[in-house]
Protein chains: 2
Amino acid sequence: MSNDNPKADISNAEFEVLDVLWDDYPATSSDIVERLNQKKPWHDKTVKTLLSRLVKKGVVDFDKAQRQYLYRPLIAREDYTKKEASSFVSRIFKGKVAPLVAGFANQNSLSQQDVDELKALIKQWEQNND
Amino acid sequence: MSNDNPKADISNAEFEVLDVLWDDYPATSSDIVERLNQKKPWHDKTVKTLLSRLVKKGVVDFDKAQRQYLYRPLIAREDYTKKEASSFVSRIFKGKVAPLVAGFANQNSLSQQDVDELKALIKQWEQNND
DNA sequence: CAGAAAAGATTACACATGTAATCTTAAAAA
DNA sequence: TTTTTAAGATTACATGTGTAATCTTTTCTG
C-alpha cells in the first residue's frame, strides 16, 4: 500500500497547517508554527500532531535535515481547492455555482474587484465557448 | 439556556436530512426516510438519529400528530447556505469568490446557463452599485 | 382484550478531530 | 563528557459523527 494517492479528507485544523505550508516550503515545523501563530495561538505540540496526521494521510511529506524535518506538500493548493469547491458546491448548491455567487451578492459581499474578476472570467469563458 | 439561537454545526449526514426536509415540510420521519432513499440507502434508524440530533441542535423542531412527529426546519435554507458559503470561501479562498468560480471555469464545470446567471447577477449588482 | 407493529428514546460503538502532554532520542551547550 | 534541550513519536482524552440496534410505549389488528 504505497502513498501514491493521497487518502485525504483533510480536517479544518489540518487545512490551516497545509495552508501556511503552501505559502512557502520546504519548511520546518518551527517555521510553520511561527507562521500559524500570526493568526492562531496554537500550541506547538498541536501543530506537530497535525503535521504528522497530514503525513500519515499522504498529503505532506518531509526530508530529514539533521534533527529537523523539512516538510513539503504533496498536493497542489489549486488542485485541492478546486476539488473542495466542486464537492462543496455539489453538496450545498446541487452543483450550480451561480446560487453561491448570488448569496454573496445578496449579502453585499461582492466588491468591485470581485465583479471585475468575474467579468474577466466570463469573457474568457465566452471566448473559449463561442 | 433556550433554543432561540440554533447552536449548529450541522454534519454532512445531518445536512442531507435537512436538505430533503427543506424540500417539503412539515414531514414525518417516514416521509423523510422515503425521500432520502431515492438517493441514499440509509437505514430508517439512522435517519431518526439524525433527525433527533438536528432537533437537539435547535435547527429542526416538530409538532406531535398522534404518534408521529411532524418535523419542520427552524432555519431557512437560503440563510444556512449563505452562511456556509461565506465561511467556506473565507476558509479556502480567503474570502474571494472569483477564484472559486475560476476553478469551475478551469475545470469545464461552467455551463452556458451558469454563465447566463452570473451575467444577470453582475448586471443586477452594477445597477445597485453604480 | 391480547398480541403485534411501529414511533420515538436510549444506548452502542468505532473512527475522526481538536488539543495537547509525556516519552525517547539525538544534538547542542557547558 | 555530562547535561540540557529540543525534535519528533507515542499516548491521551473528550467530543463529534456515521451508522445503527435495542428498549419503551402506544396504537392498530385480530
Side-chain angles (χ1 to χ4, degrees), chain A residues 1 3 6-21 25-37 39-72 84 87-88 91-92, chain B residues 1 3 6-21 25-37 39-72 84 87-88 91-92:
Chain A
M1 168 193 39
N3 251 357
K7 162 65 194 66
D9 254 15
I10 295 170
S11 79
N12 285 14
E14 286 159 7
F15 175 78
E16 299 295 327
V17 172
L18 191 49
D19 203 36
V20 306
L21 180 59
Y25 58 86
T28 65
S29 67
S30 334
D31 292 341
I32 294 170
V33 168
E34 200 174 332
R35 285 183 225 161
L36 278 168
N37 283 352
K39 278 293 173 187
K40 14 207 94 187
W42 279 352
H43 198 289
D44 130 303
K45 301 297 189 181
T46 299
V47 177
K48 289 303 321 295
T49 298
L50 295 170
L51 272 169
S52 306
R53 288 180 182 169
L54 286 167
V55 169
K56 181 185 298 181
K57 289 180 178 184
V59 299
V60 163
D61 199 1
F62 58 81
D63 298 298
K64 300 184 202 210
Q66 316 94 252
R67 72 155 136 183
Q68 291 190 134
Y69 288 177
L70 286 176
Y71 294 91
R72 65 194 145 74
E84 281 302 290
S87 83
F88 177 79
R91 280 194 346 100
I92 309 291
Chain B
M1 168 190 39
N3 251 358
K7 162 67 192 64
D9 252 14
I10 295 170
S11 79
N12 285 13
E14 285 159 7
F15 175 78
E16 300 295 328
V17 172
L18 191 49
D19 204 35
V20 304
L21 180 58
Y25 58 86
T28 65
S29 67
S30 335
D31 292 340
I32 293 171
V33 167
E34 200 175 332
R35 284 184 225 162
L36 278 168
N37 284 353
K39 278 294 175 186
K40 15 206 93 189
W42 280 352
H43 198 290
D44 128 304
K45 301 298 188 180
T46 300
V47 176
K48 290 301 323 290
T49 298
L50 294 170
L51 272 169
S52 306
R53 288 179 183 169
L54 286 167
V55 169
K56 182 186 299 182
K57 289 181 179 185
V59 299
V60 163
D61 200 1
F62 58 82
D63 296 299
K64 300 184 203 209
Q66 315 94 252
R67 74 156 136 184
Q68 290 189 133
Y69 289 175
L70 287 176
Y71 294 91
R72 63 194 146 76
E84 281 302 290
S87 84
F88 177 79
R91 281 195 344 102
I92 309 292

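Every chain is numbered from 1, with letters handed out A, B, ... down the list of sequences. Computed from a predicted model, the values in this text were never measured in an experiment.
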Shortest side-chain distance from B:Q68, nucleotide among C:dA7, C:dT17, D:dA21: C:dA7
D:dT17 phosphate, OP1 or OP2, under 4.0 Å from B:K57 side-chain N/O: yes
Atom-pair distance (CZ on B:R67; P on D:dT24), nearest Å: 18 Å
Under 3.5 Å donor-acceptor, B:T46 side chain and B:W42 backbone: no
Between C1' of C:dA7 and CG of B:D63, the distance in whole Å: 16 Å
Under-3.5 Å donor-acceptor pair between B:R53 side chain and C:dT10 base: no
Nearest listed nucleotide, side chain of B:K45, among D:dA21, D:dG8, D:dT17: D:dA21
Whole angstrom value for the distance that separates P of C:dA5 from CG of B:D44: 16 Å
Euclidean distance, atom NZ of residue A:K64 to atom C1' of D:dA9 [Å, nearest integer]: 11 Å
Separation of atom NZ in B:K56 from atom C1' in C:dA9, rounded to whole Å: 11 Å
Rounded distance in Å - CG (B:D9) to P (D:dT15): 15 Å
Neighbour count above 12 (heavy atom, 6.0 Å) for A:Y25 OH: no
DNA chain C: 5'-proximal contact among A:Q66 and A:E14 (nearest heavy atom): A:E14
Separation of D:dT24 P from B:K48 NZ (nearest whole Å): 17 Å
Closest nucleotide among C:dG8, D:dG8, D:dT19 to the B:T46 side chain: D:dT19
B:T49 (side chain) and D:dA20 (base): donor-acceptor pair under 3.5 Å: yes
D:dG8 phosphate, OP1 or OP2, under 4.0 Å from A:S29 side-chain N/O: yes
Residue among B:L51, B:L50, B:D44 satisfying side chain to side chain contact (heavy atoms under 4.5 Å, CB included) with B:I32: B:L51
Below 4.0 Å: OP1/OP2 of D:dA7 and any side-chain N or O of A:T28: no
B:K57 with B:E14: basic N within carboxylate O range, under 4.0 Å: yes
B:D31 side chain vs B:T28 backbone, donor-acceptor pair below 3.5 Å: yes
Distance below 4.0 Å between A:Y69 side-chain N/O and C:dA26 OP1 or OP2: no
B:Y71 side-chain proximity, nearest of C:dG8, D:dT17, C:dA7: C:dG8
Spacing of A:N37 atom CG relative to C:dA20 atom C1', expressed in whole Å: 14 Å
Sugar-phosphate only, base, or nothing, as touched by B:N12 at under 4.0 Å among non-hydrogen atoms: sugar-phosphate
